[in-house]
Amino acid sequence: EYASAYQNLLTGYGFVPVFIPIAVDNYATAAISAANVALVAGCDAVFFNGGWQERHTRVLYNDDGTATPLMTAVQGVYDRGGLIAGTSAGCNVQGTTTYGDGTSYGYLKANHLIPKLISDVNTADPNDSENGGTVKGLGFLSAYGALADSHFMARGRFARPLVAMRDTGLTTAIGVDEDTGFLLAGTTGTVYGAGGVTVFDATAAQYGTGTWFSATGVLVSYLTSGDRFDFSSRAMLPAAGKTLLVGTGKVYASTNIFGAGEAAKVMTTLAQAKVTATTGISTETAPRFTVTFTKTAGITKAYYDAKTRKVAVDRMVVGVSGQ
């Protein structure tokens, strides 16, 4: 699988890739192998495959959360200015904490993620297939205080970071779309690729105490290719050539807000509309969740890319409630 999926691809881009043969069935020896440590120590970049983020955690950390020699070597690549990257689960695991399994609706209804041990090698809620859990991550997003999620709009994961931020006490979450990358360096992140990146800022969020999850005051930005997000100012920096949009269009209200691409459609159309707010509801009932999107005068902005015909949104306010 490595040869077919990555070796030829990376070689074609000019890399000299090496495969580190570590998995949940051999980590006890592979994570302390001097040969593996030496391979990583000689690299300029470390790339994590997709699959299960909890397996990345399992193979790189001891049960008590301390780093294995292999994880220390990975950290060394980062500390000397190397690149740490990953796709799918390899993206999700980059935060100090990672979460997985379940759906947006399931997270909101359960209203709590299940804390898991490294030794569990599982983030699923054993009593609810629609809910998920949290476990230690690799920590490379610690400087940004951020969680990460992937396949974001395609799999309707818009609400998952809301619950995860509350449960972990973190105030930033990053959702990366299909065929899209987000390169973080210094205090900014830059979008590459065909899709978008959603950045959540829960600094001023207020969370409800009811049976189901509720929140107000979460700021959400949706960035497209070339846009940057400044984690110091908590605002987006539009790519050169994008034009500021003035609200003149029609608003869209979703009846399936956790469907593929729906949240992005709501945000980008509201940003261009005359009205200042709209909603999206879940198809599921008992409860039915409503997500409210609101523009704030002087803060919420929209930018248009004439070449790609895509719209980016800066700091829209989001709230969630269920009934």
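All residue numbers refer to positions in the sequence shown, counting from 1.
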Subject >> Within 6.0 angstrom of Phe15 CZ, more than 12 heavy atoms from elsewhere >> reply: no
**OP:** Enter the distance from Arg234:CZ to Asp201:CG here, rounded to the nearest 0.5 Å.
**Re:** 4.0 Å
**OP:** Flag the pair Thr11 / Pro17 as yes when at least one side-chain heavy-atom distance between them is below 4.5 Å, and no otherwise.
**Re:** yes
Original post:
Around Arg80, counting heavy atoms of other residues, nucleotides and ligands shown, do more than 12 lie under 6.0 Å from its CZ?
Top reply: yes
Original post:
Please walk me through it: do Arg155 and Asp177 pass salt bridge (Lys or Arg N to Asp or Glu O under 4.0 Å)?
Top reply: CA-CA 9 Å; Arg155 298 187 184 179; Asp177 287 353; over 6 Å; no
Original post:
Same hydrophobic cluster for Phe19 and Ile32, using side-chain heavy-atom links shorter than 4.5 Å among ILVMFWY?
Top reply: no
**OP:** State which residues pass side-chain contact (heavy atoms from CB on, under 4.5 Å) with Ser142; sequence neighbours excluded, sorted by chain then number.
**Re:** Thr96
Original post:
Backbone N or O of Gly195 within a donor-acceptor pair of the Thr180 side chain at under 3.5 Å?
Top reply: yes
Original post:
Do Thr72 and Val37 come close enough that some side-chain heavy atom pair is under 4.5 Å?
Top reply: no
**OP:** Could you walk me through whether Asn49 and Thr87 pass side chain to side chain contact (heavy atoms under 4.5 Å, CB included), step by step?
**Re:** CA-CA 6 Å; Asn49 193 13; Thr87 183; 4.3 Å; yes
**OP:** Give a yes or no on whether the backbone of Tyr99 and the side-chain of Gln53 come within a donor-acceptor separation of less than 3.5 Å.
**Re:** yes
**OP:** Give a yes or no on whether the backbone of Asn111 and the side-chain of Arg166 come within a donor-acceptor separation of less than 3.5 Å.
**Re:** yes
Original post:
Looking at Phe289 versus Tyr105, is the centre-to-centre ring distance below 6.0 Å?
Top reply: yes
Original post:
Rounded to the nearest 0.5 Å, what separation is found between the CG atom of Leu70 and the CG atom of Leu60?
Top reply: 5.5 Å
Original post:
Residues in side-chain contact (heavy atoms from CB on, under 4.5 Å) with Ala302, at least two apart?
Top reply: Leu245, Ala271, Val311
Subject >> Closest approach of Ser221 to Phe229 (non-hydrogen atoms, all atoms of both residues) >> reply: OG-CE1, 4.0 Å
Subject >> Stacked cation flag Lys265 on Tyr252, 6.0 angstrom / 45 deg >> reply: yes
Original post:
Quick one: side-chain contact (heavy atoms from CB on, under 4.5 Å) partners of Thr292, sequence neighbours excluded?
Top reply: Thr279, Thr290, Thr294
Original post:
What about the rings of Phe158 and Phe200, do their centers lie closer together than 6.0 Å?
Top reply: yes
**OP:** Under the salt bridge (Lys or Arg N to Asp or Glu O under 4.0 Å) rule, what do Lys109 and Asp128 come out as? Steps first, then yes or no, please.
**Re:** CA-CA 10 Å; Lys109 183 177 180 180; Asp128 184 352; over 6 Å; no
Original post:
Is Met267 linked to Val176 within one hydrophobic cluster, defined over Ile, Leu, Val, Met, Phe, Trp and Tyr using a side-chain heavy-atom separation of less than 4.5 Å?
Top reply: no
Original post:
So which of Thr134, Val93, Thr123 actually passes side chain to side chain contact (heavy atoms under 4.5 Å, CB included) with Glu54?
Top reply: Thr123
Subject >> CA sep, side-chain torsions, deciding dist, call: Asn131, Leu113, side chain to side chain contact (heavy atoms under 4.5 Å, CB included) >> reply: CA-CA 7 Å; Asn131 195 32; Leu113 296 177; 3.6 Å; yes
